[in-house]
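Inspection log for the structure reproduced underneath, given as structure tokens.
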Amino acid sequence: MTALTIVVGILALVSAIGVVSLRSTIYCALSLVGNMIMLATLFLLLNAQFLAAVQVIIYAGAVMVLFVFIIALLSPGSEDRPALDMRLMVGIVAVVYVTLQIMFLVGNGKTYDTTAVACTSATQQDCSKTPLRGGRNGSAVNPGALSFYPDDVNRTGNVQVVGGQLFTTFLLPFEITSLLLIVAAIGAVYLTRHHYSGSRRT
Amino acid sequence: MNHVPWLTLILVVPLGGALLLQLVPGSNTRAIKVVTTVTLLAVAGIVAGVLVGFTHTPDPATSQAVLLNGSTKPSPITFQFEEHHDWIPAIGASYHLGVDALSGWLLALDIGVFLLGAIVISRRTTQRMKFYCGLLLMTFSATAGVLLSVDLLLFYFFWEAMLIPLYFLLSNYGDENRGRATIKFIIYTVASSLAMLLAIIWLYFASQAALPPTGGAGHGTFDLQTLLLTPLPNQQPVSVLGITTWTPQQWAFLAFALAFAVKVPLVPFHTWLPDSYTSTPPQVLTFFAGIVSKLGAFGFMRYGLTLFTGPAHDFRWVIIALAILSILYGALNALAEFDIKRIVAYSSVSHLGLVVLGIFTFNANGLNGAIIQMVNHGLIIAALFLIVGIIEERCGTRDIREIKGLEKRMPVLYVFFLIVTLAGLGMPGMNTFVGEFSIMLGAFQTAPVLAALIGVGVVLACWYMLRLHQGVMHEPLTPIAEKVRDLHLREALVLAPLVALMLAIGLYPHPFGAVSQNNVSQYVSVVTGQPVDQSQASR
Amino acid sequence: MHVLAAIPPLKTPSANDLIGLLPVLVMSGGFIVLMLLDLVVPARRRGWLAAGTVLVLAAAMGVTVWGWFDAATPRTIYFDAMSYDRFSLFADGIIIAISALVVLISPGYLNRRGLHYGEYYALILGAATGMMLLAGADSLMVIFLGIELLSIALYILSGFARTEERSQEAAMKYLLLGGFASGILLYGMVLIYGETGHTQLPQIAAVLHAHVNDIDPLFLVGVGLLFVGFAFKVSAAPFHFWTPDVYQGAPTSVTTFMSVGTKVAAFTALIRVFSYTFADSWDKWNGIVAFVAIISMVGGNVAALTQTSLKRMLAYSSIAQAGYILIGVAVQGSLGTIGALYYLAAYAATQIGAFAVITVMSGRGEDLDSYDGIKGLAYRRPYVAAAMALFLLSLGGFPPTAGFFGKFFIFGAAIQGGQSSLALWGIATSVISVFYYLRIGLLMYQRPKEGETHYPWPRTSLAGGGVLLASAAGTLVLGIFVFLIYSVATSAQHAVAATLQ
Amino acid sequence: MTNTTLMGILGGLLLVLPVAGALFNGFAGPRLPRRVVNWVGPGVVGLAFVVGVVILTQVLGADEAHKSITIRFWHWLDFGPGNLQVGFDVTLDALAVVMIMVITGVGFLIHVYSVGYMEHDPDIARFFSYMNLFIFSMLMLVLAGDMLFLIIGWALVALSSYLLIGFWYQRPSAVQAARKAFVTQVIGDVALVIAAFLIVVNLKGQDGRGIFSLSLPTVFYNAQFSFAKGGGIITVICVLLAIGAFAKSAQFPLHTWLPDAMEGPTPVSALIHAATMVTAGVYLIARFHVLFDLAPVAAGMVACVGMGTALMAGIIALSQVDIKRVIAYSTMSQIGLMIFAVGIGAYTAGMFHFVTHAVFKALLFMAAGNVIHAMHDEQDIRLMGGLGDRMRNTERAFIAGSLALAGIPFFAGWFSKEDILGFGTVAGPAVPSLFLVGLVINVLTGLYAIRLWAVVFRGEPQTARVFQAHEAPRVMLGPVMILGFLSVVLGIFLQWPFQILGFSAHFLSSFLDPVFSQASGIVTEPSTFKGALALAVGTIFSMAGVGIAYRLWYEKQPHPQEVVGRLPRLLPQLSWHKFYFDELYDAILVRPATAVATTARRVVEPRVMDGWVRGIAQFFADISIDFRAVQTGLIRDYATAMLFFTGIFVVFTVFLIAR
Amino acid sequence: MSLDVFPWLIGLSTALFMIGATGVLVRRNPLVVFMSIELMLNAVNLAFVTFGRFLNSMDGQIFAFMVIVVAASEVVVGLALITTVFRTGRELDIDDLSEMRE
């Protein structure tokens, strides 16, 4: 498991670097697809099967196809070499510094209990139910929201649980996304529609 | 009390007039002028009524301050015709109007110069008269509001609101430099006033700290009367960047002082004034120069001396030094200037320095003198600008080197100008002498050397006023002055009341002292901390 | 087998939740209806769409006002996803009002610009819905979605003049930078979620309250990133870069809408999140907020000083205004919130008026944008010029206009909170701002020379005049009858304090 | 009708008459026929003279208690107890009456004279308006019962003087002279005002409590309780009063305006710059004798300055060539003597000389006016000569005046001048050195007086214009002749040492005595022997001066040029250049002040005062450009900046806050 | 999955996020810039899911779901816009979009 994680993680990193550094647009897009698939794999490993599927279908599938389509439409052969300038410096420094900083902060012993073993089920013993500080503090406030142990969820079915949550606790955000999609659709139609003057005869 | 809200009427009637103006077609200039003048006459009637009804020695109990713990106590400064309503109850800001001798006299000056301003309007000199008259009326309301408000927030409200109509007036009427000059004036004023706003807010919270633990108003206060009776918390000096500076109260005083010093203006905050006065036409200057700069001095006296007795003493000599500097520096500049309008402008700087000096003598002679001098200056500066404006209009230039010998062509103007010049240089027997003598006496009681320095200023004033007067009136006619015509009857009729007042005040200034002495002794008492009866016998 | 016993039971939304959502429901319903109406309304009759939109907005306003009394006791709906309290309703009211004003001036403007398409109204309503969601959001998720809803609608609206390069450029800039900022915002949310275990603000607040002395740096990093995201939305410096370009490039009516609406909504959420949810760690983040406030005030005002484009000037000015409002966030105490709310209301009335003048005065050709375009306006359109002057004075903070009391309360809060230096920055920069506001005034009142051509200002329509009148009235009412909005803002503040503390 | 009421009415009338005349002439005059103005102008002064006579009789007839009456017209200013409280008061006493008589009497004659002198001037109405205003101002000055009103009168006479000096406003020199006179006067005013402050602040009653009053009777009565004799404060007060007096009376160092003031019409010189106004300084010191008696040092200084000025002016008068300037310096010199007199406490003597001087100096000026009139406005004596044959009556009057001036026995000036010198032998600082200086002055007086007569009226005519000269008309000659008569007899009349025909001996002294009787420091009369000796010596010196002058300028043996050549070069240079005072003041006062003013206006105002404002504005405009430059328009730059600041926040949070 | 990978996953997420951000800074092709933004959002999703996993919370996954939806709609609008802007055949370079500045 861990080995797989490491491999997938490294591949994700490499493909991400590919997205921002490859000259040809189409390669960038392909790198991004790769990256998304790696992330989907990680989602699977993290017991987020529904999300992994969504990631592959929507992102790697629909969105990236759209990308490739547009690339093909606009500038199939366009190239773009990132220049070595201040911006790149800021970027590289930011990548290195922020990543190290965040990792350092995560590993400072406060964010999570470095010695603990995370429970995978509510009934499991000899493990920490709240390995993260956030879990420890948060469950004191609302324990219900922080008791979706992976094995328990899997037993019900990840899709069922996510779906159940989406239509109950997170009903409102879910509905908002529908609005969002309509707006995006209107916008896309408006922007790409052919120009006309006067009355419309669609 | 269920009396007629006279003071509110003073504020509202002009606004009503301004609205009424909107119904008049813009081309009917006569009707516009009539509406404006009648409105101001109505206000003048009210003001006259208020002044007539003003009790010289009122019972202090008639003016009660509401303390923060809910009890009442006679106000240290007795106001009359008070009106008190809630404005923003949640923060204790109130619509509180009142008049004391100081504001009473300035109110009289206020309506006077505005009436004058309305009378001198003519189709020839003023385009878009409706616009102009509306702004004139609004400016009056705002300036009157400054004088009448007893609540600090309300005061500030009018203080800043005044700038709006002034901005339009100054930016729309005048010569080609008016834009820059106007912005300079507004920026100067706004910068200093905003500092004062912070100080007002600070005072509010400082008064909040004096709230009783339970009961009472539940919030601080902006009310002058209440603040005067509210002990401010003990002050620690503020340190800025590790350097120990002044206490918050001292800072607050400095903020107030800055706002007033700019408005007065005191050197070195004066540079807006020559520019602004030079580019502004005389009909605007009658009231702009006539009242606005006095409001700074008014502020020093009404708020600087009372709310900040400690800091006023701490910084007394700083202000006095600036006042002296203004007197001398203004005079010197007037002496070296060739633009007749700027000469008058610098003379104004010099005169107003004297007024501020009178206020900071902290004694009855100085304060009474300052009040008289404020009124005097209003009359003189209005008259001077009208005269200079007439000369400029006739000759087409303001350069003193190009205009000479006008006495031959304008004998009537000469007489008016002579009297105004004499008033301007503090001629004994004229109105300014009364004020200058009193202020000098007050200054002498404070420190004899001040009187000597003022004396230098008086000699310089004599010099530059004569330079101006003789410069344009005497010596052989220059070509530019060859064909000018003397005053029209209209112009003479405008100048006549001003000159008459100058002479009348010089001849019989008694009403000033009679009306003011009660309130002035209260101011002196507040600032010196002595009881009223003792403070009268200063030294 | 008790398979489901291990995971928490599902919760069911109730009808009460729907009641709390009523204003948003009306808006989104109207959005759908208008979108459909667009299909049937003939092109020459698109004014009807505007009327329909106004009707929807009026209904929403009615519901909001009703809600003001209904929500006397604040509560949250949809399991802490949104709050139904006077705080959000205050913002809703402003958003609905400004949307209505914008819709009223739009038909004339769009017709002159040849942009009168039905999508416009649907998108305005969609964006307004997003703003209301954002204003009422009580969970990070709704905040994010609200921001995205309003942003996406505004991306499109910015590019609404799709054939114009400036409009395209504006939309592109807004879109790319908006996405970038969303990423930062999201990362902040992740960290906060990870550190507290919750995405709902009341629960986050409870967690923080219980562990006030034990704050993890990672959480603070999250707060910082979240703040960056918000700062972008309220266009506070140094995250303001998009603002001038987008404001300038977008059609003026859209600029009008987004300059006010986004700010009101984002600030409402910002206050809810920072001043109340994160209240207990105030001392940890207030430095950053104060820094951004100062940079905004200085940067906005100074950059506006030498502008020659009206819209850019107003954009920089709005950056500066964001800085002033941020003072209200950076200081502790209820007065900060009240001041910020008052300022928002004042800003809304004023800014909408100022932009409305530009919108109403924009002719068929180019937008009215250059300073030269308003030279001598007062001689041709005296009342419009007077209104513009009033708005400028209000932006400059002169009484008796709204802007004065906005600044007054904000500075008051700063002094009360012991942060006088912020107030000092505020007044110093206000002075700078007066310079460029008054410069516009001078231009408008500059006497036109003989034979000089001027920008072809169109005739003012009834709706346009009405909008200007309404804004002017609002500006004055907020500047004189202060207690009206002050008491409203106070109860709004009480509401948010009650839900989150 | 009580005496007080009557006196009040009379005093009021005295003030109102000239004011009415001034207003009438000023406003109605230009539109009325010339004849009306010619009647009204002198008429009001004549009426005032009549009123003055009535007042004189009232004062003469009053009992001891009513020798001095103060009437309050109205409360002028009232700042409450302990602060400034001033009433418009009028004090009528012997001193005031003497002044009134001279002012209205001589004034009336000069007004009448002006009718002729200004015959061809179109602005006659304005002229009489100013003249009447002057009479009013002067009366105000002498009648004032309150120091504040004294100051008002004091300044108003300066104003009238200013107006009249600059009457011919189209002459730049006249305009300059008027301004110079006025500014100098204002310096004196300021000194007076500060003196008033010192008095009012330090005045105490008998019980030691402060009295905040400027009322002159109050001040004089309480001076003894308030000031220790010879104390510092009283000395300063008196020095300031003296400065005021010096400014008005053209005494060193404030004397330079007087010669320039001759730019005004000649009647003005006669009235203001000879007879009345310039002697106000003498009046002032006499009026404040109570204070000066308490300040011997200041009084001594006054005496020295008076004598010094007298000497200096006498020397200058010797060399001047402008007929009016010679007389002006002579005036300065004679006033110096008066100032000396009041400085040493010989108040009566000083006032006596004031009266006689008013008469003969007005006469001299008017006679000079006749000459100028006849010479068509020519004033340079070098261009005259031999006029006596053509203007016989004028010459006679001129001689009478000159002899009175020179102090030839039994002429008016002889009585008064020798009176002063007599006191000089016993009083004042460094007795008798100032007396000796006085003797020199006697010689000088004779010299310049006779020189002027000889050069103008005798000798050969120097220009053709002399031949066209003719005697002045009657309206001008009449006043001259009257004054000529008075120059001869007035001394006898006023100070005849023996009782005769019902007039008491030393009439003026006894009349003025009640005023000065309070004076503690009044000098004792010199003993009969000393007095007689001084009289004899003084007379001899005066006669010597006249004699030398007669030899030099009438007989021209030796020729004056030779004499001058034999003197040290410095002396005639100093005399001709008026001791270089104009140049000195120009260098140390006017130029520096102008330079400072110019610097303030040209350098300080734009660079410093406006500089800081503009600097700030420019600074913000500059950084505004910089700020805008950051806005590159590139999306990537914007994103970079955002990321950069986000990173800064992270660093800030981690390293500063989270610690 | 054990807790040991937790910090590495968060680190990976940060790295991806910052790499995406760097992409926005350095790339001029609007499509690639857009992809970089997608990369950033993806990184956020990874963090959400990771945190959610060890918090035993569903919020993370739901949030990630929302992010995906939002990203999709943004892409729709963004690509539509890019086609509108660059349809005329102009070079795909966002640096050209700098007419408005200062």
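In this structure, the portions of E/V85 lying under 4.5 Å from any heavy atom of chain C include both its backbone and its side chain. The contact between E/F17 and chain C is made entirely by side chain atoms (from C-beta outward), counting heavy-atom distances below 4.5 Å. With a 4.5 Å cut-off on non-hydrogen atoms, C/A170 touches chain E through its backbone and its side chain both. For E/V67, the parts lying under 4.5 angstrom from a heavy atom of chain C are both the backbone and the side chain. Using a 4.5 Å cut-off between heavy atoms, E/M40 touches chain C through its side chain atoms alone. Neither the backbone nor the side chain of E/T50 comes within contact range of chain C; no heavy atoms are under 4.5 Å apart. In this structure, no portion of C/L177 lies under 4.5 Å from any heavy atom of chain E.
The two residues E/A47 and C/V190 come nearest to each other via the heavy atoms CB-CG1, 3.3 Å. Considering every non-hydrogen atom in both C/Y193 and E/D59, the closest pair reads CE1-CB, 3.5 Å. Considering every non-hydrogen atom in both C/G197 and E/S57, the closest pair reads O-OG, 4.5 Å.
Ranking E/V69, E/I10, E/T14, E/I62 against chain C, the residue ahead of the rest is E/T14, based on heavy-atom pairs under 4.5 Å. If you tally non-hydrogen atom pairs under 4.5 Å between each of E/A43, E/A71, E/S13 and chain C, the highest count goes to E/S13. Ranked by heavy-atom pairs shorter than 4.5 Å toward chain C, the options E/V77, E/N56, E/V70 are led by E/V70. Top candidate by heavy-atom pairs under 4.5 Å with chain E, chosen from C/M189, C/R312, C/K173, C/E195, is C/R312. Contact count versus chain E (heavy atoms, under 4.5 Å) is highest, among C/Y187, C/Y316, C/F241, for C/Y187.
Atom CG of residue C/L175 and atom CD1 of residue E/I37 lie 7.0 Å apart, to the nearest 0.5 angstrom. Atom CZ in C/F180 sits 9.5 Å away from atom OG in E/S36 (nearest 0.5 Å). Rounded to the nearest 0.5 Å, atoms OG1 (C/T199) and CE (E/M66) are 10.0 Å apart. For the atom pair E/L81 CG and C/L176 CG, the distance stands at 8.5 Å (nearest 0.5 Å).
Considering C/M172, C/E165, C/R166 as possible partners of E/L97, the one that fulfils the side-chain contact (heavy atoms from CB on, under 4.5 Å) test is C/M172.
Looking only at distances, no side-chain donor or acceptor of E/E99 sits under 3.5 Å from a matching main-chain atom of C/E169.
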Taking only distance into account, with no hydrogens and no angle test, what donor-acceptor pairs under 3.5 Å do side-chain atoms of residues 141-161 of chain C form with protein atoms, sequence neighbours excluded?
unit_1: C/E148; atom_1: OE2; unit_2: C/S182; atom_2: OG; d: 2.4
unit_1: C/S151; atom_1: OG; unit_2: C/I147; atom_2: O; d: 2.6
unit_1: C/S151; atom_1: OG; unit_2: C/K233; atom_2: NZ; d: 2.7
unit_1: C/S158; atom_1: OG; unit_2: C/L154; atom_2: O; d: 2.7

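Take C/R439 and apply the side chain to side chain contact (heavy atoms under 4.5 Å, CB included) test, not counting sequence neighbours, and it matches B/I183, C/Y371, C/F435.
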